[in-house]
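Just so you know, these numbers come straight off a predicted model, no measurement behind them. Naming convention: chains lettered A, B, ... in sequence-line order (proteins, then strands); numbering from 1 in each chain.
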2 protein chains.
Amino acid sequence: MTIYDVAARAGVGIATVSRALRGSAPVADATRAKVLAAVEELGFRPSHAGTSLAARTHAANGIVFPDLSGPYYAEVLLGYEETASRLGRSVLVLATHGRDDPVSSVRDLALRVDGLVLLGRTVPDHVIEELTAFGLPVVVVARPEVGAADSVRADGLSAARALGEHLAGHGVRRVAFLGAPEESPDVAERWRGVREGLGKHGIEPTVTPCLFDEASGTRVAAWLLAGEERPDALVCANDEIALGAILAAEEVGLRVGVDVAITGWDDVMAARHARPALTTVRQPMRTLGALAAEVLDQRITGHRTTPRHESLATDLVVRDSCGTHP
Amino acid sequence: MTIYDVAARAGVGIATVSRALRGSAPVADATRAKVLAAVEELGFRPSHAGTSLAARTHAANGIVFPDLSGPYYAEVLLGYEETASRLGRSVLVLATHGRDDPVSSVRDLALRVDGLVLLGRTVPDHVIEELTAFGLPVVVVARPEVGAADSVRADGLSAARALGEHLAGHGVRRVAFLGAPEESPDVAERWRGVREGLGKHGIEPTVTPCLFDEASGTRVAAWLLAGEERPDALVCANDEIALGAILAAEEVGLRVGVDVAITGWDDVMAARHARPALTTVRQPMRTLGALAAEVLDQRITGHRTTPRHESLATDLVVRDSCGTHP
DNA sequence: GCGTCCGTAGGAAGCGCTTTCATGTGATGA
DNA sequence: TCATCACATGAAAGCGCTTCCTACGGACGC
């Protein structure tokens, strides 16, 4: 079932079929009708490979995740896919996590898409520069601007400041930040904001390195809470750490929200259902994905040639784990 | 940068370059070395469209989700992507949720992949039959067997029976099942198993229709718990409903696990962190995805031509929401 | 020493589409 | 009435690759 069959059936040339189908050049109404009728009868759908080869386009976008675990990424993907497909593009996903050669995988992916979205620290900067230099539109999400690539991120600074101030209002004195600010600019920003917010009230928080999963949260929190100078607030770099910390606090018999305040970041589903419910910061995940797709599309279609850098607001979500509210 | 450039550089014909690169026919060692050197120097990577057109293959798999929300699907996708890429295939995702014409989207997708995985009720049976009749390998996940398609699912029957018996052991008498068994065979299976498990102890549960989200869970549970014949156990078709039900119980001052038992299904992250922690059934999500990729691959490569139907075991995860354990 | 065969390599024909270029048609103006 | 032109259309040339078919040597057997 090729364009030749359709052409034969409609009694026209293949060029006319192509033109009638994609409207790239005027076709007489009667002819177009014949072509469309033939297409309908034969159930013709153009071969993607043929189109892609001749038109030098893929009608597909890629998106690269460090891993896909957790609700964070699923939401981003959902927003991305929805918008991309509305713009007529398929979506190819790639998770670099646990892959032996992420760079090569990304390069391969780059060959079959018209543009690429990269989340976080999936590949080194020089690879991104290589891709953009090659002419491939690239959007980075949750990662600092790099080269000619566009960028989309959630601005955590003001929410982090608000969180710091809010905690100060609860009367906390010894605040520990759990996470690794040096590993990610986003986390560094959170740390900075919290520090500023607390600083206004004369409180100087400390950083305790912690991996971004629940088990690490439990381990590090347990260690902190058993120490000499027990913190009265644990500000965690994400919700997983915070949920793990809540378990640790319960373990040693401390009341979360009373003896120790614990906060997270992301507002995953479990945050709302934890008891006490977790005070955290909500990120517009789905919007992040949708925006990335849009920004990318502008580049692909050539509607824009200068880099665009978007920053979305985040919201402090106050619940009970930071202390009781009247 | 095409195969012609490489051929010229290496001083051979393009056919030889192709053979050297894909090993489809013997090439003298010296020649192969020259070709590989040229490829290396020129940084040549074969055009995907060209390959795909000539070789009549896409080196890509599709996966179709009803939607991507929730940890369930993210995990499936993760397992799928990991295995598919290990098998040398890219992954195209499609979420039918909120789409005006899912069938057409799936048909489009079918044109650019070598095989397709369909999750749940994304498209009607006749579309699947059409696709398989067309010769496209299809695997359905969490959906009853259909036509010539392979299938992969989690077997919930024994876990559901175990759940029913466990609840009976807690001494519950009036059990309500929240969900819509008629809408999904998987849920029907859960209902059947629970009913059988309880039936052994002379308890006859009832079904209360409920959508599969948290808000519906809260609403339906609130209504049930305020009724005349207040149930002392709410068996929910998934964790979201159950988490919503916990909120409803708290709202009316009932102690979950004491005054009323509540159970879920899926073991999402929030289930573990809810208080009381949710008794639920764990599904091997990631394995489900990985298995689907494998089953699909066998068909694509032609290693198997008869349908394969896999069923994975699920585990009852007993926590506190069904009652206190010593 | 000559014919045969195998291993190797190149030419060329597609794969299904888009697009350029050339052509034919009827309508228009002089 | 004839040249001109806009419009519609078809033929054909790619797009970059795979693979069939053919051809060329050199090694082998007789």
Side-chain angles (χ1 to χ4, degrees), chain A residues 1-39 42-60 88 90 107-108 110-114 134-135, chain B residues 1-39 42-60 88 90 107-108 110-114 134-136 301:
Chain A
M1 191 53 46
T2 72
I3 199 171
Y4 289 90
D5 300 315
V6 176
R9 176 86 173 215
V12 300
I14 58 162
T16 302
V17 174
S18 175
R19 286 192 279 252
L21 253 34
R22 50 195 351 256
S24 51
V27 171
D29 286 349
T31 312
R32 186 197 322 284
K34 276 194 300 183
V35 170
L36 294 180
V39 165
L42 268 42
F44 168 76
R45 308 202 137 218
S47 142
H48 182 71
T51 311
S52 161
L53 186 56
R56 287 116 171 284
T57 176
H58 297 94
S90 301
R107 285 209 187 100
D108 274 344
L111 242 58
R112 46 195 310 169
V113 297
D114 300 319
F134 181 70
Chain B
M1 190 55 47
T2 71
I3 198 171
Y4 289 91
D5 301 314
V6 176
R9 177 87 174 214
V12 301
I14 58 163
T16 302
V17 174
S18 176
R19 286 191 281 255
L21 253 34
R22 50 195 351 256
S24 51
V27 171
D29 287 349
T31 313
R32 186 197 323 283
K34 275 195 299 183
V35 170
L36 294 180
V39 165
L42 267 43
F44 168 75
R45 306 203 139 218
S47 141
H48 182 70
T51 311
S52 160
L53 186 56
R56 286 114 170 286
T57 177
H58 297 94
S90 300
R107 285 209 187 99
D108 274 345
L111 243 59
R112 46 194 311 170
V113 297
D114 300 319
F134 181 70
L136 188 79
T301 56

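- Each end of the helix from dG1(C)-dC30(D) to dA30(C)-dT1(D) yields a helix axis from five base pairs, and these two axes differ in direction by 50° (to the nearest 10 degrees).
- Atom-to-atom, CG of Asp29(B) to P of dG7(C) comes out at 14 Å; the value is rounded to the nearest Å.
- For Ala59(A), the side-chain contact (heavy atoms from CB on, under 4.5 Å) test picks out His48(A), Arg112(B), with sequence neighbours left out.
- With sequence neighbours left out, the side-chain contact (heavy atoms from CB on, under 4.5 Å) criterion links Ala54(A) to no other residue.
- Between the side chain of Thr57(B) and the backbone N or O of Ser52(B) there is no donor-acceptor pair closer than 3.5 Å.
- Rounded to whole angstrom, the span from the CG atom of Asp5(B) across to the C1' atom of dC17(D) amounts to 13 Å.
- Nearest heavy atom pair, residue Gly50(B) against residue Ser47(B), reads N-OG, 3.0 Å.
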Output side-chain donor-acceptor pairs under 3.5 Å for residues 1-11 of chain B, partner residues at least two apart or in another chain, one line each.
| residue | atom | partner | partner atom | Å |
| --- | --- | --- | --- | --- |
| Thr2(B) | OG1 | Tyr4(B) | N | 3.1 |
| Asp5(B) | OD2 | Thr2(B) | N | 2.7 |
| Arg9(B) | NE | Glu41(B) | OE1 | 2.8 |
| Arg9(B) | NH2 | Glu41(B) | OE1 | 2.2 |

Donor-acceptor pairs under 3.5 Å, side chain of residues 17-28 of chain B to any protein atom, not counting sequence neighbours: which ones?
none

**Request:** Between protein and nucleotides 16-24 of chain C, map the contacts as a letter string: B base, S sugar-phosphate only, - none, heavy atoms under 4.0 Å, written 5' to 3'.
**Result:** BBBBB----
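- The CG atom of Leu53(A) lies 9.0 Å from the NE2 atom of His58(A); values are rounded to the nearest 0.5 Å.
- The side-chain contact (heavy atoms from CB on, under 4.5 Å) search around Arg107(B) returns Arg45(A), Val103(B), Glu130(B), not counting sequence neighbours.
- When heavy atoms are screened at a 4.0 angstrom cut-off, Ser52(B) is found touching no nucleic acid atom at all.
- Regarding His48(B), its NE2 atom lies at a distance of 12 Å from the P atom of dT18(D), rounded to whole Å.
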